[in-house]
Each structure stands twice: as C-alpha cells, then as structure tokens.
2 protein chains.
Amino acid sequence: MSQWSGHARQALEGAGYRSSSPRAAVVDAVAELGCSVTAREISDLLVRRGQAVGLASIYRALDLLERLRLVQRFEVGEGAARYEPVQPGGEHHHHLVCESCGEVSAFEDPALERAIERLSSRVDYAVGAHDVTLRGECPACHAR
Amino acid sequence: MSQWSGHARQALEGAGYRSSSPRAAVVDAVAELGCSVTAREISDLLVRRGQAVGLASIYRALDLLERLRLVQRFEVGEGAARYEPVQPGGEHHHHLVCESCGEVSAFEDPALERAIERLSSRVDYAVGAHDVTLRGECPACHAR
DNA sequence: GTGAATGCAAACTCTTTGCATGACT
DNA sequence: AGTCATGCAAAGAGTTTGCATTCAC
C-alpha cells in the first residue's frame, strides 16, 4: 500500500502537479486508510496527526486523484462518497456492506471478474470500469 | 410494470399502511417511470400530471417502499439516489452508466448472476442483495 | 374521533465554489 | 515573479425532520 503512495506521487508529479504538503498528506492518508475511505475519515486522521488539511482541499485532492485514475470513487448508500487507491497492477476487489452495522469489507473473485469481462465485450458501451456491491449481514450482526 | 404497482399497493395495505392518494401517486409514478428513478423525477412527473406531492412525502414513501423491499435504492455517483421497482418474481437487472453524458441503461446477464450466487455462498456474510454497475461510454458519446 | 400521513419550512450533511492569501518552481 | 494550491466561508444540492393540519379508517 505504501507502494501505492509512491506511485501516486510520481504520477502527480509526472502530470505536472505541484507536490505540496497538504496534497502529500492526503495521498499518505489514503494509502494508510486503504480500502474504502471517506473524505471525513481522511480529515480526521490528518487532524489527529496534527497535519490538518481543509476539507475543500481534501475534496480537491481526491478529485484530482480520481481524474488521474489513482483512486476510484464509489458509494454504498450512506450519503458519503468513498474512495480507494487503485493499484498500478490492476488488481482490484469489490465490497460487502453490512446493512445492520454499516461495516464495509472487501473480497476478490476471479470468476466474477471473468463474467464481467465477457459481459463487457458484449454490451454496446465501451466499458472502462465496474463495481459490484453485495449487501447483507456481517457475521457479527448475523449471530444476534 | 403495472403489475408491480398492484403488487406494491397490496403489500402496503397488507402491512397495515393507509392508502392515501399521495402515496398511491408515488407508487404509480415509480411503476410508470420504471428502472432508475430519482425523487425529483417522480416529483416532476406528478407536478406535470397535476397530482403534485411534497418532496418530503415522496422521500417518505420511497423509504417505506424500500423497507418493504418493494423498491431498491442505489446510487451511480451523481449525488442523487435512484430507485427502482423490485419485481415480485425476483428478475432483476444491473446498470451501465455513461461517464460522459450520465445516461443510465440496463442489462441482464445470467452468467453474471450465477457467478454472484456462487460467490455469495462462499463469503461469510449473509448476502441478501447485490448490485453491479458498469461504467464507460455509451455508443452515442463514443462515436464522437 | 383518533392516529397516521401530508405539506411546508427549517435543519442537516456532504460537496463545491469564490476569493484572498500563501507556497512551490 | 508567476502560477498553482490552500483555507475559509458561503453557496448548493439532496435528503431528513419538526410541527401543525388534514385525511383515512
């Protein structure tokens, strides 16, 4: 994951963007928090660390990272957008959302990826990305 | 689709909810607009028809329909939630979103459903629902 | 008649934007 | 020096909530 932050900084620089410390702090926070982060969570982490960055700048940084395809934005229906680092290798995962407690966890499934790939070549859209969300109850909530 | 509105009204009544005309109008609007509707789109349709219903009541009705699993809520990243009727038979589809013009269209794919089903039984969540979004360019935007 | 549903307006949350200040190259 | 980036505060959009009124049963 730390390898992602290097990748991201390099990509930003290569695209001609300045490497200011607020921006770098956001990149680090995304790298550290990893899968499924909220703008507010990034802000909270940076405040705790004493590197507070204005929320507006966090959104601007995330927006930029998204345009450079360094993060992917998605929503699971809590009103807040979630972001996660895009791995340079292309590996990626999808999400399980617990409808009781809101927990978001990740899974990978090659068979699912293959099905989506085959499907993508069949539809009339030029498909560039996809995401899958499974909803249900996490083991902890289910036990009750 | 009209069969859905009957199903929905019956389910509402059966669950002990009053059948007021604003609520019925929302059900009809969802049935008519079908796949992928926004609260504002419902409101606009009802205004055009002269059956205007307050936005708050539309949200309350949608919320209720969702709790009764008569509609499913999802978001494709435009800030507004989308809703669609849940067919009693269980047939369902997923969505293609054009990243250029925002158009949302639907597709079905049995192979994808099978992959998700197999996957669902393997994860440690009790999976109750799923959704898949493919993002890319629609044929019209791609032509440019 | 009684409790549920509605409508309006105010409140909230998340996100974006305008603008003056400050920082990289 | 010249931009680009930041921070703050205000503006926006979507959604929710409080409360008095209306309506279904």
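All chains are named by letter (A, B, ...) in the order of the sequence lines, taking the proteins before the strands, and each is independently numbered beginning at 1.
In this structure, CG of A/Leu62 is placed 15 Å from P of C/dC14, rounded to the nearest angstrom. Protein atom CD of A/Glu78 is 15 Å distant from nucleotide atom C1' of C/dT15, rounded to whole Å. Per the geometry, CG belonging to B/Leu55 stands 13 Å off P belonging to C/dT6, to the nearest Å. In this structure, B/Ile58 atom CD1 and C/dA5 atom P are separated by 17 Å, rounded to whole Å. Following rounding to the nearest Å, A/Asp44 (CG) and C/dT13 (P) show an atom-to-atom distance of 14 Å.
The pair B/Asp28-B/Arg9 meets the salt-bridge criterion, since a charged nitrogen lies less than 4.0 angstrom from a carboxylate oxygen. Here A/Asp63 does not pair with A/Arg73 in a salt bridge; the nearest charged N to carboxylate O distance is not below 4.0 Å. Ion pairing between A/Asp109 and B/Arg122 holds under the 4.0 Å rule for side-chain N and carboxylate O.
DNA chain D is contacted by no residue of residues 64-73 of chain A, taking any non-hydrogen atom closer than 4.0 Å. Residues from residues 13-25 of chain B placing a heavy atom under 4.0 Å of any atom in DNA chain D, listed by number, are B/Arg18, B/Ser19.
Within the 3.5 Å criterion, the main-chain N or O of A/Gly34 finds no donor-acceptor partner in the side chain of A/Trp4. Proximity of a side-chain donor or acceptor of B/Ser43 to a complementary backbone N or O of B/Ala39 within less than 3.5 Å is not detected. At least one donor-acceptor pair closer than 3.5 Å links the side chain of B/Glu41 to the backbone N or O of B/Thr38.
With sequence neighbours left out, the salt bridge (charged side-chain N to carboxylate O under 4.0 Å, His left out) criterion links B/Asp44 to no other residue.
Boundaries of the chain A contact region on DNA chain D are D/dG2 to D/dC8, first to last in 5' to 3' order (nucleotide atom under 4.0 Å from a heavy atom).
The local environment of CD in A/Gln10 is sparse, with at most 12 non-hydrogen atoms from other residues, nucleotides or ligands closer than 6.0 Å.
Side-chain contact between B/Ile42 and B/Val53 is absent, with no heavy-atom pair separated by less than 4.5 Å.
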For this session: Output, in order, the C-alpha distance, side-chain angles, deciding distance and verdict of side-chain contact (heavy atoms from CB on, under 4.5 Å) for A/Val37 and A/Glu84.
Result: CA-CA 6 Å; A/Val37 200; A/Glu84 74 180 28; 5.6 Å; no
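Residue A/Ser57 is the one, among B/Arg60 and A/Ser57, whose nearest nucleotide of DNA chain D lies closer to the 5' end (criterion: closest heavy atom).
Rounded to 10°, the angle separating the first-five-pair axis and the last-five-pair axis of the helix from C/dG1-D/dC25 to C/dT25-D/dA1 equals 30°.
Nucleic acid contact for A/Ala56: base, since at least one base atom lies under 4.0 Å from a heavy atom of the residue.
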Please tabulate, one pair per line, all N/O donor-acceptor pairs under 3.5 Å involving side-chain atoms of residues 123-142 of chain A, not counting sequence neighbours.
from     : atom 1 : to       : atom 2 : distance (Å)
A/Tyr125 : OH     : B/Glu103 : OE1    : 2.8
A/Tyr125 : OH     : B/Ser105 : OG     : 3.2
A/His130 : NE2    : A/His92  : NE2    : 3.0
A/His130 : NE2    : A/His94  : NE2    : 3.4
A/His130 : NE2    : A/Glu113 : OE1    : 3.0
A/Asp131 : OD2    : B/Arg135 : NE     : 3.3
A/Asp131 : OD2    : B/Arg135 : NH2    : 3.2
A/Arg135 : NE     : B/Asp131 : OD2    : 3.3
A/Arg135 : NH1    : A/Val76  : O      : 3.2
A/Arg135 : NH2    : B/Asp131 : OD2    : 3.3
A/Glu137 : OE1    : A/His142 : ND1    : 2.9
A/Glu137 : OE2    : A/Ser100 : OG     : 3.3

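The ring of A/His95 has its center no closer than 6.0 angstrom to the ring center of A/Phe107.
Side-chain contact, A/Gln87 with A/His93: no donor N or O sits under 3.5 Å from an acceptor N or O.
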